Amino acid sequence: MNKYRTHNCNELMQDNSEQEVILSGWINKKRDHGNLLFIDLRDNYGITQCIIDKSNENFKLLEKIQLESVIKVNGKVVKRSADTINSELKTGEIEVDINSFEVLGTCKELPMPVFSDQEYAEEIRLKYRFLDLRRKKIHDNIILRSKVIAFIRSEMFKLGFLEFQTPILTSSSPEGARDFLVPSRLNPGKFYALPQAPQQFKQLIMVSGFDKYFQIAPCFRDEDARADRSPGEFYQLDMEMSFVEQEDIFQVVEKLIVNVFKNFSSKKLMKEKFPRIPYDESMLKYGSDKPDLRNPLIISDLSNIFTREDVTFEIFKKLVKSGSKVRCIVTKNTKEKPRSFFDNIDKWAKEQGASGLAYFTIEKNENISAKGPVGKFFSKEALEAIMKITGAEVGDSIFFACGKINDVEKITSQARDKIAKDLDLIDENIFAFCWIVNYPMFEKNEVTSKIEFSHNPFSMPQGDIKNIDFENPLNIKAYQYDIVCNGIELSSGAIRNHVPELMYKLFSIAGYEKAQVDEKFSGMINALSYGAPPHGGIAPGIDRIVMLLANEKNIREVTMFPMNQNAQDLMMNAPSEVNEEQLKELGLALKLKK
RNA sequence: GGGGGUGUAGCUCAGUUGGUUAGAGCGAUCGCCUGUCACGCGAUAGGUCGAGGGUUCGAGUCCCUUCACUCCCGCCA
């Protein structure tokens with residue numbers, strides 16, 4: 001018999017009454033009646049109420065023990081009387097009458113209470129993460145994460161995928177995020193990089209003939225944090241398949257995601273076959289390539305309206321003439337909304353750094369007219385044209401933004417979220433997935449005017465390889481796709497370019513010489529010239545999937561030992577300084593900015 | 001790199017127009033209490049008001065600088 005316990009803290013029931021048992025766990029809560037003491041004993045599985053009174057020689061000792069101490073109790077299971085049953089607890093029909101106890105782990109005065117639903121400052125939670133993780137909500141989140149990952153593994157094996165590990169110490173790559181660098185002792189002056197993703201390795205696995213690969217892969221990117229983005233490291237369900245087209249990958253991933261979300265959440269899926277939205281359409285209708293499809297608001301382009309003679313909104317007309325765009329959002333039946341509703345949104349837009357949002361409400365007395373600060377600038381015919389383009393009806397309001405296309409996309413995208421929130425249009429009990437497809441292969445850097453890869457340089461361009469229009473690279477689309485859920489980017493993937501000549505050509509457009517490509521991507525470009533199968537894949541973010549399933553807004557709530565916003569681990573004191581010897585051995589000297 | 005929010009007891013927070021000795025709940029310590037499950041009751045301890053500087057007869061409160069945490073922009077193929 002195990003010396004610490006005969007049962008865990010969640011399994012004793014009426015059937016066990018009169019049994020002598022041993023339980024071990026943390027003291028979750030004490031209720032001391034002076035001559036009678038209740039102790040809620042907690043372990044990973046649940047809580048059992050234990051009881052002792054002054055007739056027991058241990059009573060005085062047990063009374064004094066700190067919460068969160070670890071103790072072992074020997075006692076007898078007794079049925080509770082009907083009026084003392086606690087229906088909140090699985091073990092609420094019984095209690096353990098303590099005979100003797102032993103302290104297994106003492107506990108100092110707590111820096112933060114464990115048994116409480118209160119929220120605490122992030123700093124203290126992270127410093128004492130081992131205490132924070134005892135708290136029910138986050139404890140359950142971490143267990144959920146484990147179950148989700150186990151489920152995904154099992155589904156992937158069922159689908160015929162093989163799991164492989166890829167190197168953590170690898171080479172730095174010029175594209176993408178900043179790398180974490182690791183100095184090499186045996187090769188002074190040279191550095192490994194931690195992988196931003198196992199991108200090249202998984203393609204090499206395909207070239208090696210393994211057909212279907214997956215991995216719950218750690219990825220490292222040295223970029224600044226956000227609520228849904230851990231600094232430093234995160235996990236992807238990395239996968240790759242040979243001899244597939246885009247649609248084959250969609251089939252596999254849709255099935256997997258639908259299974260996972262149905263299994264681990266009671267929320268409904270808006271559609272089980274995810275809508276496929278071309279990138280250009282998404283940018284127009286939602287102003288973003290990660291639209292929240294729970295939000296019914298749609299953006300329309302009204303630039304042409306501002307070239308009409310019977311529209312006299314001169315500021316916008318002037319901007320449109322010089323190449324700016326006008327985009328708008330229609331809100332249904334908002335004519336009764338107070339002036340403050342509209343002004344707040346305009347004020348909010350200014351706070352976001354935009355020049356504000358113009359608005360009016362469509363009315364009809366004898367004729368169609370527009371009510372609002374800028375309503376007078378629009379003729380009846382112009383309003384009818386706007387209504388035709390946007391689908392707006394009498395009683396609806398229209399918000400306008402004007403600016404350079406990137407700026408106007410950004411502010412209308414944010415306004416779409418903001419207005420929907422203000423009008424309470426978003427159903428929180430839905431997961432709305434979609435595929436964003438047909439990404440452009442290249443984009444122009446606004447600052448340098450150089451052509452750059454817009455996503456993944458290894459993606460296959462669309463169309464007949466022999467007839468791709470390399471003269472107009474910005475028109476080339478790629479077999480590149482993202483999954484988006486409720487406005488959160490869950491993953492991106494692509495059909496890869498497995499043709500070396502084509503790869504060199506695309507890299508040359510982005511300003512890379514052949515020799516540079518050979519050097520920077522030596523492993524892969526070399527492999528592609530020794531019989532590479534057509535292949536493609538995707539890499540859904542595990543942390544974000546669990547975050548959605550756990551209904552959390554912050555990724556730290558589903559990460560066991562996260563770092564803070566400045567990429568510091570407050571519990572382990574990482575990163576830390578190293579001593580002179582270590583630096584010397586690596587051939588490094590520090591030259592810090594003061 | 002830039003912008004916003006927060007910072008008062010171990011924890012969560014209140015603190016009025018600048019005005020006496022900075023408060024509450026939880027936690028801790030001590031005492032009372034035999035059916036609680038957020039047990040109850042009483043008492044005690046606990047404060048560099050994030051730090052530094054300034055204005056003022058007087059600063060938790062106003063001003064400047066700075067630090068920490070956090071959210072956002074940039075960044076994240």
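Letters A, B, ... mirror the listed sequences (proteins, then strands); counts begin at 1. Source: prediction; values computed, not measured.
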* Atom-to-atom span, CD1 of A:Ile411 to P of B:C73 - whole angstrom -> 11 Å

* Establish, with yes or no, whether the OP1 or OP2 oxygen of B:U36 is under 4.0 angstrom from a side-chain nitrogen or oxygen of A:Arg31. => no

* Asked: On a whole-Å scale, what distance lies between the P atoms belonging to B:G10 and B:U6?
  -> 22 Å

* Verify, without hydrogens or angle tests, whether A:Arg276 (side chain) and A:Val437 (backbone) share a donor-acceptor contact under 3.5 angstrom. => no

* B:U61: pairing nucleotide in any strand, Watson-Crick or G-U under 3.5 angstrom -> none

* To do: Please state how far atom NZ in A:Lys136 lies from atom P in B:A38, giving the value in whole angstrom units.
  => 15 Å

* To do: With P as the reference atom in both, quote the distance from B:G1 to B:G47 in angstrom, rounded to an integer.
  => 37 Å

* Structure fact -> Applying the 3.5 Å cut-off to both distances, the Watson-Crick or G-U partner of B:G1 turns out to be B:C73

* To do: Taking only the side-chain nitrogens and oxygens of A:Arg226, find out if one of them lies under 4.0 Å from OP1 or OP2 of B:C75.
  => no

* **Pair A:Phe234 and A:Phe220, ring centroids less than 6.0 Å apart** => no

* Expressed as a whole number of Å, how far does the P atom of B:G15 sit from that of B:G23? -> 15 Å

* Is a side-chain donor or acceptor of A:Glu519 paired with a backbone partner of A:Gln516 at a separation under 3.5 angstrom? -> no

* Mark yes or no: A:Lys477 above the aromatic ring of A:Tyr439, with NZ or CZ under 6.0 Å from the six-membered ring centre and no more than 45 degrees from the axis. => no

* Interatomic distance where CG belongs to A:Asn573 and C1' belongs to B:A68 [whole Å] -> 15 Å

* Structure fact -> Mate of B:G7 across any strand shown (Watson-Crick or G-U wobble, both atom pairs under 3.5 Å) is B:C67

* Do the side chain of A:Arg229 and the base of B:C75 come within less than 3.5 angstrom through a donor-acceptor pair of N or O atoms? -> yes

* What integer number of Å spans the P atoms of B:C49 and B:U21? -> 15 Å

* Record whether the side chain of A:Arg556 comes under 3.5 Å of the base of B:U70 through a donor-acceptor pair of N or O atoms. => no

* To the nearest 0.5 Å, what is the distance between CE (A:Met503) and OG (A:Ser459)? -> 9.5 Å

* **Among A:Asn438, A:Ile436, A:Val253, A:Ile538, the one residue meeting side-chain contact (heavy atoms from CB on, under 4.5 Å) with A:Tyr481** => A:Ile538

* Count the heavy atoms belonging to other residues, nucleotides or ligands that lie under 6.0 Å from NZ of A:Lys79, then report whether that count exceeds 12. => no

* Reckon A:Asn566 touches a base, only the sugar-phosphate, or nothing at all at heavy-atom distances under 4.0 Å? -> sugar-phosphate

* To do: In whole angstrom, give me the gap between the C1' atoms of B:G25 and B:A14.
  => 11 Å

* **From B:C75, B:C11, B:A28, nucleotide with atom closest to A:Gln118 side chain** => B:C11

* Under 4.0 Å from any atom of RNA chain B, heavy atoms only: list the residues of residues 486-512 of chain A that qualify, in numerical order. => none

* Asked: Can you find a pair of side-chain heavy atoms, one from A:His7 and one from A:Gln19, that are under 4.5 Å apart?
  -> yes

* **Donor-acceptor under 3.5 Å (A:Asp346 side chain, A:Ala349 main chain)** => no

* Structure fact -> From CE of A:Met112 across to P of B:G27 the rounded distance in Å is 15 Å

* To do: Kindly confirm whether the side-chain ring of A:His33 is stacked on the base of B:C39, judged by centres under 5.5 Å and planes under 30°.
  => yes

* To do: Using both distances under 3.5 Å as the test, list the Watson-Crick or G-U wobble partner of B:G47, or none.
  => none

* **Sugar-phosphate, base or nothing in reach of A:Pro113, heavy atoms under 4.0 Å** => sugar-phosphate

* To do: Find the distance A:Leu110:CG to B:C11:P and express it as a whole number of Å.
  => 12 Å

* Is there a Watson-Crick or G-U wobble partner for B:G27 with both distances under 3.5 Å, and if so, which one is it? -> none

* Structure fact -> Regarding the side chain of A:Asn86, the nearest nucleotide among B:G10, B:C37, B:U70 is B:C37

* Structure fact -> The correct set of residues in residues 43-68 of chain A placing a heavy atom under 4.0 Å from RNA chain B is A:Gln49, A:Ile51, A:Asp53, A:Lys64, A:Gln66

* Nearest to side-chain heavy atoms of A:Asn554, which nucleotide of B:G35, B:G74, B:U70 -> B:U70

* Find the distance A:Asp179:CG to B:C76:P and express it as a whole number of Å. => 12 Å

* To do: Could you check whether A:Glu119 gets within reach of a base, just the sugar-phosphate, or nothing at all, counting any heavy atom under 4.0 Å?
  => sugar-phosphate

* With heavy atoms under 4.0 Å as the rule, sort A:Phe453 into base, sugar-phosphate or nothing. => sugar-phosphate

* Asked: Can you check whether A:Val207 reaches A:Leu528 side chain to side chain, under 4.5 Å on heavy atoms?
  -> yes

* Structure fact -> If pairing means Watson-Crick or G-U wobble with both distances under 3.5 Å, then the partner of B:U21 is none

* To do: Mind checking A:Gln565 for me? I need base, sugar-phosphate or nothing, with any heavy atom below 4.0 Å counting as a touch.
  => base

* Asked: 5'-most contact on RNA chain B: A:Glu88 or A:Pro111, nearest heavy atom basis?
  -> A:Pro111

* Structure fact -> Re B:C37: Watson-Crick or G-U wobble partner, both distances kept under 3.5 Å, found to be none

* Taking the side chain of A:Glu109 as its heavy atoms from C-beta onward, which of B:G27, B:G74, B:G35 lies nearest to it? -> B:G27

* To do: Please confirm whether A:Lys514 makes a cation-pi placement over A:Tyr504, using NZ or CZ under 6.0 Å from the six-membered ring centre and within 45° of the ring normal.
  => yes

* Asked: Starting at NZ of A:Lys30 and ending at P of B:G27, how long is that distance when rounded to a whole Å?
  -> 11 Å

* Would you say a side-chain N or O of A:Lys29 is under 4.0 Å from OP1 or OP2 of B:G27? -> yes

* Looking only at atom C1', what distance separates B:U12 and B:G7, rounded to whole Å? -> 13 Å

* To do: Examine the base of B:C37 for any acceptor or donor lying under 3.5 Å from a partner atom in the side chain of A:Arg80, and report the outcome as yes or no.
  => yes

* Separation of A:Asp228 atom CG from B:C72 atom C1', in whole Å? -> 12 Å

* Atom CD of A:Gln14 with >12 non-hydrogen neighbours under 6.0 angstrom -> yes

* Structure fact -> Assign each of A:Glu95 and A:Ala121 the nucleotide of RNA chain B bearing its closest heavy atom; nearer the 5' end lies the nucleotide of A:Ala121

* Provide the distance between the two P atoms, one in B:C13 and one in B:C73, to the nearest whole Å. => 25 Å

* Asked: To the side chain of A:Asp32, which of B:C11, B:C33, B:C75 is closest?
  -> B:C33

* So what does A:Ser454 touch, heavy atoms closer than 4.0 Å: a base, only the sugar-phosphate, or nothing? -> sugar-phosphate

* Separation of the C1' atoms in B:G27 and B:U70, to the nearest angstrom -> 25 Å

* Between B:C76 and A:Gln196, is there an OP1 or OP2 to side-chain N/O distance shorter than 4.0 Å? -> no

* For residues A:Phe458 and A:Phe521, establish whether the separation of their ring centroids is below 6.0 Å. => yes

* Base of B:G35 paired with side chain of A:Asp83 (donor-acceptor, under 3.5 Å) -> no

* From the options A:Arg229, A:Arg178, A:Gln196, select the one residue that forms a side-chain contact (heavy atoms from CB on, under 4.5 Å) with A:Arg221. => A:Gln196

